[in-house]
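Below you'll find the structure, written out as structure tokens, and then a few comments.
Note: hydrogens, waters and symmetry copies are ignored here, and every other heavy atom, side chains too, is used. One-based numbering, in listed order, for ligands and for the atoms of each.
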Amino acid sequence: MNQIRQSVLRSPGFVEPVKWLTKLQASQIKRKTLALHQNTGFRLFQDSHLFFKWVADAVSHSLIVDQVSNIIGDDIAIEATYIVIKPEKTEFAVPLHQDGIDSNLDLDPEKSVSAWLAITESTVTNGCLRVYSGTHANGYREFRIADSDANSLSGGRPTEMAGSECLPIPTDVPLAQGFGCLFNVCLVHDSKGNGSNKPRIGLNVRYISVGALRKFTDRVRPVLIVRGSANYPSTIAQYPTWSDESGLERLMKCASPTGTIRNYKLI
Ligand SMILES: O=C(O)CCC(=O)C(=O)O
């Protein structure tokens, strides 16, 4: 087993820092993301890779996809993405959760991997990712999703998780702009608020291989193939080639008031 596969699938459940984009490329994404934030007011952009070419390009960049293929092989698709913007001096925190499970999702941890990209520098002060080493080993935990409320930023993901009172001490994952962390989809993680005077932006991605989707009967989310030509039990998304203006128009037709995608059929 290669080293990166060993670290993510066995112990400690994550690997960082992973070189992903140049600082310049990440800065360009930061600028575009802040413009979107200003235009929409959203702090969460779910599945923006389906609307904006610059997000699809970032998540299909060969540097990261090569590392992902070391873990799950050469057939790779993107199951979901979340851009999370924490404005300066905000208490907005991401609750404890595991990426591979929610009420419509159950990912096989041997055939999928999560990634987190620092679009801005991420530090302990501005609310970097925190991972709980080794917690993937016991599989998925019970979870609860809060009733939908207009301010919810969970994007339909778990907001409470069983066993949170007996977790190990978290490992902070500060990352320079353009670097990332790859981690097991069962690894428990969270992040705190942003105490700095600049926004913190991160991009979370779930990469899957064939057979990773263990629950797909009511699946509406399309997958975007980034390597290989395998079949997936889900709609295959079109790579977005349209302009940013057109992408934003499409996004606004599909999104809820918090930035989660409500209607994939309109894309
Ligand atoms: O951006 C963060 O602080 C964490 C995001 C995260 O855990 C997620 O999107 O699943």
Quick one: ligand 1 N/O to protein N/O pairs below 3.5 Å?
residue: ligand 1; atom: 1 (O); partner: W116; partner atom: NE1; Å: 3.0
residue: ligand 1; atom: 1 (O); partner: R200; partner atom: NH2; Å: 2.7
residue: ligand 1; atom: 3 (O); partner: S191; partner atom: OG; Å: 2.6
residue: ligand 1; atom: 3 (O); partner: R200; partner atom: NH1; Å: 2.8
residue: ligand 1; atom: 3 (O); partner: R200; partner atom: NH2; Å: 3.3
residue: ligand 1; atom: 7 (O); partner: H97; partner atom: NE2; Å: 3.3
residue: ligand 1; atom: 7 (O); partner: H189; partner atom: NE2; Å: 3.0
residue: ligand 1; atom: 9 (O); partner: R157; partner atom: NH1; Å: 2.7
residue: ligand 1; atom: 9 (O); partner: N204; partner atom: OD1; Å: 3.4
residue: ligand 1; atom: 10 (O); partner: H97; partner atom: NE2; Å: 2.8
residue: ligand 1; atom: 10 (O); partner: D99; partner atom: OD1; Å: 3.1
residue: ligand 1; atom: 10 (O); partner: R157; partner atom: NH1; Å: 2.8
residue: ligand 1; atom: 10 (O); partner: N204; partner atom: OD1; Å: 3.3

Handout entry: Aromatic ring proximity H189/F183, centre distance under 6.0 Å
Key = yes
Exercise for the section: For salt bridge (charged side-chain N to carboxylate O under 4.0 Å, His left out), just list the numbers for R227 and D75, CA-CA rounded to whole Å, side-chain angles, deciding distance to a tenth of an Å, and then say yes or no. Expected result: CA-CA 5 Å; R227 189 166 288 181; D75 284 308; over 6 Å; no
Problem - Greater than 12 external heavy atoms within 6.0 Å of K215's NZ - result: yes
Practice task
Could you tell me whether R250 and E245 have a side-chain N and a carboxylate O separated by less than 4.0 Å?
Solution key: no
Practice task
Decide, yes or no, whether a salt bridge links D99 with R206 under the criterion of side-chain N to carboxylate O below 4.0 Å.
Solution key: no
Handout entry: Gap between atom OG of S191 and atom CH2 of W116 - 0.5 Å precision
Key = 7.5 Å
